[in-house]
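Okay, so here's the structure we're looking at.
Letters go in sequence order (proteins before strands), and every chain restarts at 1. The model shown is predicted, which means the values in this text are computed figures rather than measured ones.
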Protein chains: 2
Amino acid sequence: MNTLAEENYLKCIYHLGMNAAIVSTNQIAASLNTKASSVTDMLKKLADKALINYTRYQGVTLTPAGEKIAIGIIRKHRLWEYFLVEKLNFKWDQVHDMAEEMEHISSQELVDRLDEFMGFPKHDPHGDPIPDCNGRFKTPELIPLSTLVVNQCGVISGVRDHTSPFLQYLEKQQLTIGKKITITDIIEYDHSVALKIETDKEIHISREVANNLLIAL
Amino acid sequence: MNTLAEENYLKCIYHLGMNAAIVSTNQIAASLNTKASSVTDMLKKLADKALINYTRYQGVTLTPAGEKIAIGIIRKHRLWEYFLVEKLNFKWDQVHDMAEEMEHISSQELVDRLDEFMGFPKHDPHGDPIPDCNGRFKTPELIPLSTLVVNQCGVISGVRDHTSPFLQYLEKQQLTIGKKITITDIIEYDHSVALKIETDKEIHISREVANNLLIAL
DNA sequence: TAAAAAATTTAGACTTATCTAAAATATGAA
DNA sequence: TTCATATTTTAGATAAGTCTAAATTTTTTA
């Protein structure tokens, strides 16, 4: 098995790799709150284990073996988040740190039974897809709310910022996963957005919030 | 917070301390499959943190602070074991290693909510008492089955050996927690025991098995 | 009660994962 | 295309937890 540090690096590289073909040492260092030199050391180790493709100064990608491990960790993270919210009644802004610990529980059988216990959920509390026991999952077409135009409507289906303050704000505004919204106005001056939630409540959000809310059309 | 290694030492000292006022370096080393010199190093560290009472060559006891931590870990271990058996349908011989990992998940609120989710169980799948959120628990008077006499009866309420082979054997013989048994014969020659389970099945067990089965009268 | 045996501790070394500081390489702007 | 800057790597150090081998202390036993 892999150490906790190795697992965290693989997960990090996977996440960063979603937005770029190649992931740089500095990106990883920033993401893990560590130093570039520490990252280089770990990259050598992961390359020795054939979990990443790495050439000095050229950045990294995951090998299929590395990606499989990363997806397994993400599967565990999201299933435990679902458990914490659906079974233990935590709020969606409270579960991230706990799931960061729980994602490293090693038993494959445990996670598969947990999945079954909860009825094979397809999305975690933040709308992110949960990989199945073979690591497969669909990434639905989601676009930032900020790209919609006036009168366009859609369903809140994900977030790009997973931090507590943002999630708490959304909760208070009733901007939660599954809610249908319609754009009623876009203010030219600051690109803030007015919108209607379901059929009643009308609210106004900043460009930044609109950028971090993901919509399914 | 404490490291994983520290938590394991505290738990180990707690368990060994159940059978002796003072716990020795060698006992800890044997129990943790490590070397006495490693134990000495860790004892210094735990003493510096005021979690154990330690004087060179004299063995250790837990301080109240150390005991509180140990009981917290045991609470988590037993609650997760209960979860694995009652919610995820694992067998009682399969859950120990998983719970060894899960007992180190740090959130106090998580464990308290887990406790509530399961209805505040009093005993884990092996019959061991689960401390409440204040660390309190009752240790019922249990005696080895080997101390009973012919015609005496009691209820199977715990085990002294928690290893898979023993638990699997018990399961196969239907010698599980809660079953009422009555001694029908004790063979002088090898101290093996014949007994009746509930009102029907009659079986024969070795002295060793009888020694590791705990009975409530 | 003194020597032998057992238990424990100390000394020094190793591994993992991290760091700082310095060196090497890549990038991009003039 | 060359030089300044940014990025990345290397070198050497540190802390946690472990190890072996040697030294010390306690316990046992004759």
Side-chain angles (χ1 to χ4, degrees), chain A residues 1-17 19-62 66 69-70 73 100-101 103-104 106, chain B residues 1-17 19-62 66 69-70 73 100-101 103-104 106:
Chain A
M1 251 302 101
N2 307 289
T3 66
L4 196 142
E6 287 168 356
E7 291 196 346
N8 284 334
Y9 272 86
L10 291 174
K11 181 171 58 123
C12 173
I13 294 166
Y14 181 87
H15 283 308
L16 294 172
N19 305 313
I22 277 186
V23 177
S24 76
T25 301
N26 267 1
Q27 279 180 291
I28 297 168
S31 173
L32 292 179
N33 269 299
T34 184
K35 304 294 164 173
S37 56
S38 308
V39 174
T40 300
D41 285 346
M42 183 58 90
L43 294 185
K44 285 179 194 163
K45 199 170 153 194
L46 293 173
D48 283 347
K49 288 188 161 196
L51 300 175
I52 59 172
N53 304 114
Y54 170 58
T55 8
R56 280 158 75 234
Y57 295 103
Q58 302 306 138
V60 295
T61 58
L62 292 176
I69 293 169
I73 296 164
E100 285 288 295
E101 291 186 62
E103 73 192 7
H104 301 289
S106 58
Chain B
M1 249 305 98
N2 307 289
T3 66
L4 196 144
E6 287 168 356
E7 291 196 347
N8 284 333
Y9 273 87
L10 291 173
K11 182 171 58 121
C12 173
I13 294 166
Y14 180 87
H15 283 308
L16 293 171
N19 304 313
I22 277 186
V23 177
S24 76
T25 301
N26 267 0
Q27 278 180 293
I28 298 169
S31 174
L32 292 179
N33 268 299
T34 183
K35 303 294 163 172
S37 57
S38 308
V39 175
T40 299
D41 286 345
M42 182 59 89
L43 294 184
K44 286 180 194 162
K45 197 169 154 194
L46 294 173
D48 284 347
K49 288 188 161 196
L51 299 175
I52 60 172
N53 304 113
Y54 170 57
T55 8
R56 280 159 72 235
Y57 296 101
Q58 302 307 134
V60 295
T61 58
L62 292 176
I69 293 169
I73 296 162
E100 285 288 294
E101 290 185 63
E103 73 191 6
H104 300 289
S106 58

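- Remark: B:Asn53 pairs with B:Thr61, B:Thr63 by the side-chain contact (heavy atoms from CB on, under 4.5 Å) rule, at least two apart or across chains.
- A:Ala5 pairs by the side-chain contact (heavy atoms from CB on, under 4.5 Å) definition with A:Thr3, A:Met42, not counting sequence neighbours.
- A straight line from CG of A:Asp41 to P of D:dA13 spans 15 Å, rounded to a whole angstrom.
- Every residue two or more places apart in sequence or in another chain that forms a side-chain contact (heavy atoms from CB on, under 4.5 Å) with A:Glu100 is listed here: A:Lys11, A:His77, A:His96, A:Glu103.
- Taking 4.5 Å as the limit, some side-chain heavy atom of A:Leu43 sits within range of a side-chain heavy atom of A:Ile13.
- B:Leu51 CG to B:Glu6 CD: the interatomic distance, rounded to the nearest 0.5 Å, is 7.5 Å.
- Only A:Thr34, A:Lys35, A:Ser37, A:Ser38, listed by number, bring a heavy atom of residues 31-38 of chain A to less than 4.0 angstrom from any atom of DNA chain C.
- Take B:Glu101 and apply the side-chain hydrogen bond (donor to acceptor under 3.5 Å, both in side chains) test, not counting sequence neighbours, and it matches A:Ser106.
- For B:Glu7, the side-chain hydrogen bond (donor to acceptor under 3.5 Å, both in side chains) partners are B:His104, not counting sequence neighbours.
- For DNA chain D, none of the residues of residues 4-17 of chain A falls under the heavy-atom distance limit of 4.0 Å.
- Within the 4.5 Å cutoff, the side chain of A:Tyr54 has no heavy atoms near those of the A:Leu46 side chain.
- In terms of the side-chain contact (heavy atoms from CB on, under 4.5 Å) criterion, residue partners of A:Ser37 (sequence neighbours excluded) are, by chain and number, A:Lys35.
- Atom CD of B:Gln58 and atom P of C:dA6 are 20 Å apart (whole Å).
- With sequence neighbours left out, B:Lys44 forms a salt bridge (charged side-chain N to carboxylate O under 4.0 Å, His left out) with no residue at all.
- In this structure, B:Arg56 reaches the C:dT10 phosphate: one of its side-chain N or O atoms is under 4.0 Å from OP1 or OP2.
- Between A:Lys44 and the phosphate of D:dT9, there is no side-chain N or O to OP1/OP2 separation shorter than 4.0 Å.
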Check the interface with nucleotides 3-7 of chain D: list each N/O to N/O pair with the protein under 3.5 Å, or write none.
none

